[in-house]
Amino acid sequence: MAGTHRHVFANPLGHVFEIGCFAAAPGCAAIGSATSDFSWFPGTLWQAAVCVACGRHLGWRYVQSDGGTFFGLILNRLHQMPENLA
């Protein structure tokens, strides 16, 4: 997105997040209603994205005006799964 994978943003409360953009995020579920409020990517709606196993907030799922989707995930909350468990 916007020519790069990594982005740093602050939410309205001042919490800073370094996120990476991903076309897919197996193991994430989008929750809540989609909103455009305070979207970091113009023209997108967002929903919170959580881990399906433990429910931890991992980032956001974005819906673009053309219907495409992508995930903006908080990089320091991601862990690589061993290949034999994928």
Compute the centroid of each ring, for F22 and then for F71, and state whether the two points are separated by less than 6.0 Å.
-> no
Side-chain donor/acceptor of R61 to backbone N/O of T69, under 3.5 Å = no
Heavy atoms only: give me the nearest I19-G72 pair and the separation to one decimal.
-> CD1-CA, 4.1 Å
Take S39 and Y62 through the side chain to side chain contact (heavy atoms under 4.5 Å, CB included) test and state the conclusion after the steps.
-> CA-CA 9 Å; S39 182; Y62 291 90; 3.9 Å; yes
Report yes if the distance between the aromatic ring centroids of F38 and F9 is under 6.0 Å, otherwise no.
-> no
Parallel, tilted or perpendicular: ring planes of W40 versus W60, cut at 30 and 60 degrees = perpendicular
Are F41 and W46 joined in one hydrophobic group, where the rule is that I, L, V, M, F, W and Y side chains link up if heavy atoms are under 4.5 Å apart?
-> yes
Out of curiosity, L75 CG to L58 CG, how far, rounded to the nearest 0.5 Å?
-> 11.0 Å
Looking only at non-hydrogen atoms, find the nearest pair between C28 and V52 and report the distance.
-> C-CG1, 3.8 Å
Between L73 and A49, the two heavy atoms sitting closest are CD2-CB, 4.4 Å
Side-chain (H57) to main-chain (V50) donor-acceptor, under 3.5 angstrom | no
Side-chain donor or acceptor of Q47 paired with backbone N/O of G32 under 3.5 Å = yes
F70 reachable from F17 in the ILVMFWY side-chain graph, under 4.5 Å edges | yes
